[in-house]
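Atoms within each ligand, like the ligands themselves, are counted from 1 in listed order.
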Amino acid sequence: MESVEDIVIVGAGIAGLTTSLGLYRFKTKKLGIRSMVLESSESLRVTGFAFTVWTNAWKALDAVGIGNSLRQQHQQLRSIVATPTISGKPSSERSLKVQGKYGEHEMRCVRRKLLLETLAKELPSGTIRYSSQVVSIEESGHFKLLHLADGTILKTKVLIGCDGVNSIVAKWLGFKNPAFVGRSAIRGYSDFKGSHGFEPNFLQFFGKGLRSGFIPCDDQTIYWFFTWTSSSQDKELEDHSAELKQFVLGKLHDLPAQVKAVIEKTPLDSIISSRLQYRQPQEVLWGNISRGSVCVAGDALHPMTPDIGQGGCAALEDGIVLARCINEALKTKQGVGEEDEEEFNKRVEMGLKRYAKERRWRCFELISIAYLVGSIQQSDGKILNFLRDKILASFLVGLLLKKADFDCGNLTST
Ligand SMILES: Cc1cc2nc3c(=O)[nH]c(=O)nc-3n(C[C@H](O)[C@H](O)[C@H](O)COP(=O)(O)OP(=O)(O)OC[C@H]3O[C@@H](n4cnc5c(N)ncnc54)[C@H](O)[C@@H]3O)c2cc1C
Ligand SMILES: *[C@@H]1O[C@H](CO)[C@@H](O)[C@H](O)[C@H]1NC(C)=O
Ligand SMILES: *[C@@H]1O[C@H](CO)[C@@H](O)[C@H](O)[C@H]1NC(C)=O
């Protein structure tokens, strides 16, 4: 007899693993809800070395029980120091140790590899099925048939697309392909193999349409990024790390020497370039985030520009809310229900509808604000530039904290 999965999640990235763990952590009388995670790569796929994990994301990490282990491995950042490159003097230093609506803010720069490994380690073995690229989706009664690149066909009741910006599940739900915003980002990661000597601060530099940032993950490693308005010529740079490094150093020649040294020290295999994409926010407002027993989460739902550093944090929030909505929908007096297929599907469908409702505005807002912040930086008029460099720096810091002041809640509603 062919096997039927209850829940299949496509993509073992931040969103997929958080959702799977959120379901598994839901323990009533029986074991948590099992899901299968399909990943196209042969092992966990890490792109971009590290990322900013804001207060809202720590709440999500705590909800799945891995916050403290990650805290121990990453420094808490004290302030954001923003410097317009025209004057070279820090224009604003803002403490991150401030109270928000949900307690004191917390921000760290987390290594992506560590995060994914920590999530994966907590899942029951065999949950992630590697080298399993979904190439098409077919409807079959109450089920979805997933066709994999190697010819395998899997049958599932529930399908969750956490398959990133080029999501095929999002396409199946009717979303358009994300659009290129005309900017690119270069990211790097530098391991000093000893103390790097930087304070635990997020350093940002603005000016002439460029933005760069340098953030310690711990006392030996620093993650950095650089965004600029890119042309088709720049596309050729993409696969050449040595040229990318020279390009960034050229653009950032007026940064302090100690900061430039971070880029100089970065090994060529620790530099990547990405073209920035986003989904039109109104699509998220009107589109089908869920349909029947299919839905999307993470970048598959809300690809956004990295200007407020919230894409991955929002993927963590999605995972918690989605797991909670399914957990609650499947909860019966006897524990997790074992009723017939139609009943199971009906319950899940309601859960996914709730998830979509809960996430729609939050995602709309994050995509819009990230896009707006990005386009202000990108624009070129002299007066705007002057204002921007003076004001944007401090404005941005306030905005970052405001968007991070959010609690997605726990795995069960209380
Ligand atoms: C330059 C840049 C800087 C950023 N900085 C930050 C930051 O500081 N803070 C922050 O919070 N966010 C940041 N982000 C955003 C963040 O990287 C993403 O939001 C996050 O990685 C999304 O996670 P995800 O799990 O949704 O998707 P992904 O990480 O893309 O994972 C998708 C997974 O699905 C797999 N997959 C795809 N298609 C298939 C298929 N058909 N079948 C099987 N598997 C498949 C892929 O191999 C991959 O493992 C940044 C993004 C960029 C581009
Ligand atoms: C949402 O799904 C319905 C079918 O359930 C479809 O008619 C509609 O066009 C979809 N909306 C979008 C924006 O794709
Ligand atoms: C989630 O659980 C934690 C720990 O039990 C608790 O401190 C927090 O208030 C809860 N959050 C919500 C939104 O219920």
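When the options Asp299, Ile128, Val10, Thr47 are ranked by their closest heavy atom to atom 19 (O) of ligand 1, first place goes to Asp299. If you check each of Ser40, Ser131, Ala15 against atom 43 (C) of ligand 1, the one with the closest non-hydrogen atom is Ser40. Scanning Ala50, Gly312, Gly298 for the heavy atom closest to atom 15 (C) of ligand 1 points to Gly312. In this comparison of Met304, Arg45, Arg112, Gln277, the heavy atom closest to atom 13 (C) of ligand 1 sits on Arg112. Considering only non-hydrogen atoms, atom 32 (C) of ligand 1 lies nearest to Cys162 out of Cys162, Gly11, Ser184, Ala185. Looking at Glu39, Arg183, His302, Arg187 and measuring to atom 53 (C) of ligand 1, the nearest heavy atom belongs to Arg187.
Note on Glu5 versus Lys157: no salt bridge recorded, every NZ/NE/NH1/NH2 to OD/OE distance being 4.0 Å or above. We find that Glu117 and Lys113 are joined by a salt bridge, their nearest charged nitrogen and carboxylate oxygen being less than 4.0 Å apart. With respect to the salt-bridge test (charged N to carboxylate O, under 4.0 angstrom), the residues Arg291 and Glu349 do not qualify. Using a cut-off of 4.0 Å between Lys/Arg side-chain N and Asp/Glu carboxylate O, Lys97 and Glu106 are scored as not salt-bridged. With respect to Asp307 and Arg183, a salt bridge is recorded, a charged nitrogen being found less than 4.0 Å from a carboxylate O.
Both cation-pi conditions hold for Arg108 and Trp58: the charged atom is under 6.0 angstrom from the six-membered ring centre and inside a 45 degree cone around its axis.
Remark: minimum distance from atom 30 (O) of ligand 1 to any protein heavy atom is reached at Gly164 CA, 3.7 Å. In this structure, atom 29 (O) of ligand 1 lies nearest to the protein heavy atom Gly13 CA, 4.3 Å. In terms of protein heavy-atom proximity, atom 39 (C) of ligand 1 is nearest to Asp163 CB, 3.8 Å. Closest to atom 11 (N) of ligand 3 among all protein heavy atoms lies Asn410 ND2, 3.1 Å.
Of all heavy-atom pairs between Glu39 and Gly13, the closest is OE1-N, 4.5 Å.
In terms of polar-atom proximity, defined here as any N/O pair under 3.5 Å, Ala297 makes no such contact with ligand 1. Remark: ligand 1 and Leu276 share no N or O pair separated by less than 3.5 Å (distance only, no angle test). For ligand 2, the polar-atom distance check finds an N/O of Asn288 within less than 3.5 Å of one of the ligand's N/O atoms.
For Lys144 (side chain) and Val294 (main-chain N/O), no donor-acceptor pair under 3.5 Å exists by modelled atom type. Between the side chain of His142 and the backbone N or O of Asn345, no donor-acceptor pair lies under 3.5 Å. When atom types are taken as modelled, the side chain of Arg354 and the backbone of Ile326 share no donor-acceptor pair closer than 3.5 angstrom. Without hydrogens or angle criteria, Arg112 side chain to Thr47 main chain gives a donor-acceptor distance under 3.5 Å. A donor-acceptor pair under 3.5 Å is absent between the side-chain atoms of Lys265 and the main chain of Asp191, judged by distance alone. Judged by distance alone, the side chain of Thr52 and the main-chain N or O of Gly309 form a donor-acceptor pair under 3.5 Å.
When non-hydrogen atoms are compared, ligand 2 lies under 4.0 Å from neither the backbone nor the side chain of Glu283. When heavy-atom distances to ligand 3 are checked against a 4.0 Å cut-off, Asp62 has no atom that comes that close, whether in backbone or side chain. The part of Pro306 lying near ligand 1 is the side chain, judged by heavy-atom distances below 4.0 Å.
Close approach of ligand 1 to Ser132 is summarised as follows: ligand atoms under 4.0 Å from at least one heavy atom of the residue are 42 (N), 43 (C). Atom numbering of ligand 2 starts at 1 in the shown order; those under 4.0 Å from a heavy atom of Arg291 are 2 (O), 4 (C), 5 (O). Ligand 1 places these atoms under 4.0 Å from at least one heavy atom of Gly311: 10 (C), 11 (O), 12 (N), 15 (C), 19 (O). For ligand 3 and Gly409, the ligand atoms under 4.0 Å from any heavy atom of the residue are 13 (C). Set against the non-hydrogen atoms of Thr52, the atoms of ligand 1 under 4.0 Å away are 7 (C), 8 (O), 9 (N), 10 (C), 11 (O). Short contacts between ligand 1 and Leu38, defined as distances under 4.0 Å to a heavy atom of the residue, involve ligand atoms 43 (C), 44 (N). Each of the atoms 6 (C), 7 (C), 8 (O), 9 (N), 10 (C), 11 (O), 12 (N) of ligand 1 lies under 4.0 Å from some heavy atom of Phe51.
Aromatic ring pairs are classed by plane angle as parallel below 30°, tilted from 30° to 60° and perpendicular above 60°; the pair Phe202 and Trp54 is tilted.
Protein heavy atoms are found inside the 4.0 Å sphere centred on atom 14 (O) of ligand 2. Within 4.0 Å of atom 7 (O) of ligand 2, not a single protein heavy atom is present.
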